[in-house]
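Notes for the one structure printed next.
Everything numeric here is computed off the predicted structure, so don't read it as measured data. Note that these values count all heavy atoms, side chains included, but never hydrogens, waters or copies made by symmetry.
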Amino acid sequence: MLDPACCISILGQSTAHFLLNFPPTIGFDDSLEATPPCGSFTVDFSKDNVTDFHVGGDFIAMTSIHPMATWLFRATLDQTASGNWSDLLPAVVQTGLGDYCETGIMVPSTWAGSKGVVGVVQDAPDGILYQCSTVNFIAGFITPSGICKNVTGLSAAYTTDAKLSSLPATAAATSNPATSTGTSTSTGSTATSTAKASEAQTIDPYGGLSMLVGLITIGSATLMAGRL
């Protein structure tokens, strides 16, 4: 596992990117992280560190080397990661450099028993950046572990991001940008979700950000439309 503190020091001297800590990344190359869909790495289930991901609620942990950036969390059952992506949450804008963990991330229950790819995309000052994890989707949910943590002073909120929403769900399909109500549709997926604004900022007991100021409550039986 990469040491985030070490990497922050190294990256800070050259360029600024992000690290995917959990689920484990299939690979990280600072100079090629802008290469879609997985930061220049090819998915290979025979060689990658394949991790269980609970369809009823799991977490994604990153380290950002940017003081501000926007995230998109997505997943696909396409084991080549070449398309059919579905958004797991609306875009999230993070303020605060360092560790960030998003908890309670769900995928359709019908995905349990299948292998797939979880992708994290960051809209950063130096461009759109990508990393991927190979996973086994399994039933149930998980209590976040110690790797799920947020740097002191971190804040996050759901937002719209024109760059992220304009990226294709597949090589041949593009999505409609999210509307002001937070409802999004896509030709790349039949899944839809209506987002409802929340007024309270809270941090869950395990260090993951739950509903933050301006965040959007996601229904447990819905999934944001595939946009990337």
Check: Any donor-acceptor pair under 3.5 Å linking the side chain of Thr51 with the backbone of Val135?
Finding: no

Notebook entry, point to check: Okay, side chain of Asp87, backbone of Leu89: is any donor-acceptor separation there less than 3.5 Å?
Noted result: no

Next item on the list: Classify the side-chain pair Thr63/Asp99 by whether it contains a donor and acceptor separated by less than 3.5 Å.
Entry: yes

Notebook entry, point to check: With side chains defined as the heavy atoms from C-beta onward, is the minimum distance between Glu102 and Pro144 less than 4.5 Å?
Noted result: no

Check: How close do Lys163 and Ser166 get, heavy atom to heavy atom, and via which atoms?
Finding: O-OG, 3.0 Å

Margin query: For the CZ atom of Phe59 and the OG atom of Ser145, what is their distance to the nearest 0.5 Å?
Written below: 3.5 Å

Next item on the list: Would you please name every residue forming a side chain to side chain donor-acceptor pair (under 3.5 Å) with Ser31, sequence neighbours left out?
Entry: Asp29

Note to self: Can you confirm whether Asp58 sits close enough to Phe141 that some side-chain heavy atom of one is under 4.5 Å from a side-chain heavy atom of the other?
What the structure shows: no

Check: Cluster question for you: counting only ILVMFWY and a side-chain heavy-atom cut-off of under 4.5 Å, with indirect links fine, are Val120 and Val151 together?
Finding: yes

Note to self: Would you say that Thr134 contacts Phe53 through its side chain, given a criterion of any heavy-atom pair below 4.5 Å between the two side chains?
What the structure shows: no

Item checked: Co-membership, hydrophobic cluster, residues Phe45 and Phe41, 4.5 Å side-chain -> yes

Margin query: Taking Asp30's backbone N and O only, do any of them form a donor-acceptor pair with His17's side chain (distance below 3.5 Å, no angle check)?
Written below: yes

Note to self: Are Leu77 and Val107 linked, directly or through intermediate hydrophobic residues, by side-chain heavy-atom contacts shorter than 4.5 Å (ILVMFWY only)?
What the structure shows: yes

Next item on the list: For residues Ala81 and Val43, report the shortest heavy-atom separation together with the two atoms involved.
Entry: CB-CG2, 3.8 Å

Notebook entry, point to check: Are any non-hydrogen side-chain atoms of Cys148 and Thr103 less than 4.5 angstrom apart?
Noted result: yes

Check: If you measure from CG on Leu19 to OH on Tyr100, what distance do you get to the nearest 0.5 Å?
Finding: 15.5 Å

Check: Just by modelled atom types, is the Asn84 backbone N or O under 3.5 Å from a matching donor or acceptor in the Thr76 side chain?
Finding: yes

Notebook entry, point to check: How far apart are the closest heavy atoms of Thr70 and Ala91, and which atoms are they?
Noted result: CG2-CB, 3.8 Å

Checklist line | Test item: Val117 and Ser133 side chains (from C-beta on) under 4.5 Å apart, heavy atoms | finding: no

Next item on the list: Any chance you could measure Asp48, atom CG, to Thr25, atom OG1, to the nearest 0.5 Å?
Entry: 9.0 Å

Item checked: Within-4.5 Å side-chain heavy-atom neighbours: Val121 and Trp85 -> no

Notebook entry, point to check: How far apart are the closest heavy atoms of Gly96 and Leu154, and which atoms are they?
Noted result: O-CD1, 3.6 Å

Next item on the list: Go through the steps to decide whether Gln122 and Ser64 satisfy the test side chain to side chain donor-acceptor pair (under 3.5 Å), and finish with yes or no.
Entry: CA-CA 9 Å; Gln122 186 187 66; Ser64 180; 3.2 Å; yes

Note to self: Check for me, please, whether Val93 and Ile105 land in the same ILVMFWY cluster - side-chain distances under 4.5 Å, paths through other members count.
What the structure shows: no

Notebook entry, point to check: Can you find a pair of side-chain heavy atoms, one from Tyr130 and one from Cys38, that are under 4.5 Å apart?
Noted result: no

Item checked: Nearest non-hydrogen partners of Ala124 and His66, listed with the distance -> CB-NE2, 3.1 Å

Check: Which value, rounded to the nearest 0.5 Å, describes the distance between Asn21 atom CG and Ile147 atom CD1?
Finding: 5.0 Å

Item checked: Phe18/Trp71 under ring pair (Phe, Tyr, Trp, His ring centres under 6.0 Å): CA gap, chis, key distance, verdict -> CA-CA 11 Å; Phe18 78 90; Trp71 301 92; 5.0 Å; yes

Next item on the list: Enter the distance from Gln94:CD to Met62:CE here, rounded to the nearest 0.5 Å.
Entry: 6.5 Å

Check: Side-chain contact, heavy-atom cut-off 4.5 Å: Ile26 with Leu20?
Finding: no

Item checked: Euclidean distance, Lys115 NZ relative to Phe137 CZ, rounded to 0.5 Å -> 11.0 Å

